[in-house]
2 protein chains.
Amino acid sequence: MTIYDVAEKSGVSIATVSRILNGGKNVSEKTRQKVLAVIEEEGYTPNIFARGLGLDSIQMVGLLCTDVADAYYAKAVSILENELHQKGFDVLLYCTGNRPEDKKKSLQMLLEKRVDAVILIGSAFREETDNSHLEQAAKQVPLFIINGLAEFPGVTCVACDEHGAVMQNVAELYKQGRRRILYLYDALTYSGFQKLDGYRDGLQSCGLPWDEALAVRVEKSLWDAKRAVFELLEEGIAFDAVMASEDLLAAGAQKALQQKEITLPIIGFNNSLIAECATPSLTSVDNMLDTLCPYTVGLLLRLLKGGEAPNKTVVSAKLVERETFQLSEDKKEETT
Amino acid sequence: MTIYDVAEKSGVSIATVSRILNGGKNVSEKTRQKVLAVIEEEGYTPNIFARGLGLDSIQMVGLLCTDVADAYYAKAVSILENELHQKGFDVLLYCTGNRPEDKKKSLQMLLEKRVDAVILIGSAFREETDNSHLEQAAKQVPLFIINGLAEFPGVTCVACDEHGAVMQNVAELYKQGRRRILYLYDALTYSGFQKLDGYRDGLQSCGLPWDEALAVRVEKSLWDAKRAVFELLEEGIAFDAVMASEDLLAAGAQKALQQKEITLPIIGFNNSLIAECATPSLTSVDNMLDTLCPYTVGLLLRLLKGGEAPNKTVVSAKLVERETFQLSEDKKEETT
DNA sequence: CATTGTTTTGTAAGCCCTTACAATTTTAGA
DNA sequence: TCTAAAATTGTAAGGGCTTACAAAACAATG
């Protein structure tokens with residue numbers, strides 16, 4: 001069943017059918033009804049490839065992330081997918097893992113699929129790393145980066161201020177008398193660096209010294225985080241608060257502390273289910289995906305329609321207080 | 001840059017270029033090299049739509065699930081995406097939520113994209129529900145269902161024996177002297193029914209009575225599960241073990257019990273991070289996605305190559321023991 | 001060297017749409 | 001009723017690829 005069949009059965013030309021199919025102007029109501037009836041009756045569906053050939057687009061956007069099995073990316077993908085489908089776009093999903101060359105290859109493959117836009121979720125590298133593939137890609141297609149940064153023409157970045165969030169957490173812990181704050185982190189993605197820098201800058205602005213031993217890199221795993229913290233405790237390295245670049249790591253730290261029957265303030269990151277489920281529940285920084293993702297899709301649509309969009313947007317993060325740490329009262333009033 | 005340009009620059013015809021592009025037989029090594037060089041040099045990429053028009057396929061498979069933000073689906077999508085990309089297929093992702101009409105519509109849209117196959121993750125309804133859309137779809141394209149069931153020609157089901165797993169858990173709890181086993185469950189998807197039936201059948205085969213009050217339906221939320229269990233405790237409804245259709249619910253139950261300072265065996269389902277992170281960590285049933293998903297992709301490839309595949313495969317689930325429940329010793333030996 | 005069989009290459013016909021432009025019909029105004 | 005303008009419809013030219021089939025080049029055989 002092709003457009004020719006429909007045209008024939010309704011006694012019009014293919015051009016008319018095509019116009020109707022494309023929300024066509026310049027078609028009389030009478031013929032529209034007639035053709036629509038035939039289409040309905042025959043169950044005709046336009047061939048997406050032929051249409052793509054003609055229009056050079058089949059309304060698809062590519063989503064590139066590190067790993068959808070991870071709650072953070074899963075949440076982003078989920079929101080983006082919803083928004084995009086609502087706006088009539090299909091979603092091509094690529095999970096690349098953390099190897100730069102895989103990311104590059106995936107981006108390339110996405111472009112070969114002639115998507116209308118690409119959204120990277122937290123997958124840009126730091127400035128000093130080679131981001132030339134992003135620069136190249138952005139020449140072919142609008143490129144969006146959520147929680148990452150790449151300042152090339154054609155690239156639109158939307159991020160939450162992770163650096164600032166961590167700094168504030170340090171400041172708040174300091175205000176509550178904490179002087180030796182442990183920081184657990186895993187991969188040094190762009191976002192990973194942001195947070196680590198936030199930690200460092202936070203210490204500095206409180207006048208606290210940088211102590212190598214208190215910034216600990218671990219695998220992204222509950223057990224490795226637990227092991228690391230446990231070892232610190234065994235070695236007698238003192239600390240009086242814990243922050244982590246990920247709820248999972250915070251949960252690991254919590255397990256180690258519990259085993260030693262120590263209670264300290266703990267602040268996680270990403271405000272995931274894990275933070276809720278932990279006992280006691282973990283205070284955590286919300287990365288604002290609920291805001292960032294729909295906003296990004298909004299920019300995307302605007303850009304595809306030929307409009308303009310700010311090439312960099314940063315919103316501040318939000319601390320979600322649970323049992324492992326609460327803001328002091330004066331701070332709260334300030335926020336209200 | 002089209003195939004015509006490449007042909008011209010290498011002094012051959014487009015047919016030859018096309019042959020080379022398609023892993024062509026019947027091309028002399030000399031011309032192959034020549035053409036490949038031009039392609040490389042010019043950075044030519046075939047137009048995917050034109051190719052699709054000719055071949056009626058651009059090597060895409062559609063993935064349909066309820067919600068990627070949920071760890072269970074996220075894991076499945078992650079594994080499937082990986083396998084499929086490895087085999088050269090692109091992945092079109094649809095998250096439908098739980099409304100049947102949305103699932104139908106998404107399936108329809110997927111078919112319009114002329115995917116080569118569709119994989120549903122846990123999204124079939126129970127037999128008595130209207131599954132005619134699946135029947136229709138299966139006529140157009142190979143359809144795979146992971147952890148769901150629909151016995152129509154063209155539909156391939158791959159599942160883990162959730163019913164059996166729950167039954168066994170009941171039996172094991174019974175063996176350890178538990179007589180009033182609470183079962184928490186949420187949505188009655190196909191898989192939800194499987195587990196609920198497993199609970200009922202498990203009780204029966206142990207000679208335990210079915211007690212309406214012990215099969216509690218809750219929202220898929222930590223807090224609702226906690227609330228429900230807390231209320232039971234307040235009302236004085238006695239139970240001596242907890243099972244849940246989802247780790248999240250088990251974690252909620254655990255919180256309620258902890259608040260009342262009660263310790264009972266708890267068995268979750270899905271073997272997610274939440275089970276690991278809970279304190280004490282939750283024993284949980286692994287749904288075997290690690291096996292099911294690659295296996296499904298294997299069948300898919302075989303089918304697309306014109307081969308045959310069993311239209312129903314069931315593997316047994318696996319209990320992952322953690323702190324909230326351990327199998328008795330004799331049982332363990334049995335398993336070894 | 002002629003003949004037949006194999007490889008390699010080219011020509012041209014699809015595949016199914018969109019859309020510029022031409023042709024026709026309708027409407028409005030005089 | 002006639003003419004000009006507007007609305008509607010049709011014709012035909014792409015869009016870039018695959019592939020059946022025809023043609024040409026090459027190899028092997030007697």
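In what follows, chains are A, B, ... by sequence order, proteins preceding strands, each numbered from 1.
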Please report, rounded to the nearest Å, how far the [atom2] atom of [N] is from the [atom1] atom of [X].
X       : N      : atom1 : atom2 : answer
B:Ile14 : D:dG16 : CD1   : P     : 12 Å
B:Tyr44 : D:dG16 : OH    : C1'   : 7 Å
B:Ile48 : C:dC15 : CD1   : P     : 20 Å
A:Ile20 : C:dT19 : CD1   : C1'   : 15 Å
B:Leu55 : C:dC15 : CG    : C1'   : 10 Å
B:Asn22 : D:dC17 : CG    : C1'   : 9 Å
B:Leu21 : D:dT19 : CG    : C1'   : 14 Å
A:Asn26 : C:dT25 : CG    : C1'   : 14 Å

If I take atom CG from residue B:Asn287 and atom CG from residue B:Leu292, how far apart are they, to the nearest 0.5 angstrom?
8.0 Å
Of all the nucleotides listed ([options]), which has the minimum atom distance to the side chain of [X]?
X       : options                : answer
A:Thr16 : D:dG10, C:dT9, D:dG16  : D:dG10
B:Ser13 : C:dT18, C:dG10, D:dG10 : C:dG10
B:Arg19 : C:dC16, C:dT9, C:dA12  : C:dT9

Mapping B:Thr2 and A:Val12 onto DNA chain D by nearest heavy atom, which one lands closer to the 5' end?
A:Val12
Can you find a side chain N or O atom of [X] that sits less than 4.0 Å from OP1 or OP2 on [N]?
X       : N      : answer
B:Asn47 : D:dG15 : no
B:Ser28 : C:dT9  : yes
B:Ser18 : D:dT19 : no

Any donor-acceptor pair under 3.5 Å joining the side chain of A:Tyr4 to the base of C:dC15?
no
Between D:dG15 and A:Arg51, counting only base atoms on the nucleotide and side-chain atoms on the residue, is there a donor-acceptor pair under 3.5 Å?
no
Electrostatic pair A:Glu29-A:Arg32, nearest N-O below 4.0 angstrom
yes
Would you tell me whether [X] and [Y] have side-chain atoms, one donor and one acceptor, within less than 3.5 Å of each other?
X        : Y        : answer
A:Ser191 : A:Glu162 : yes
A:Lys105 : A:Thr96  : no
A:Tyr72  : A:Asp67  : no

What is the nucleic acid contact for A:Leu53, judged by heavy atoms within less than 4.0 Å: base, sugar-phosphate only, or nothing?
base
Using a 4.0 Å heavy-atom cut-off across all strands, classify A:Asp56 as base, sugar-phosphate, or nothing.
nothing
Closest nucleotide of DNA chain C for B:Gly11 versus for B:Gly54: which of these residues is on the 5' side?
B:Gly11
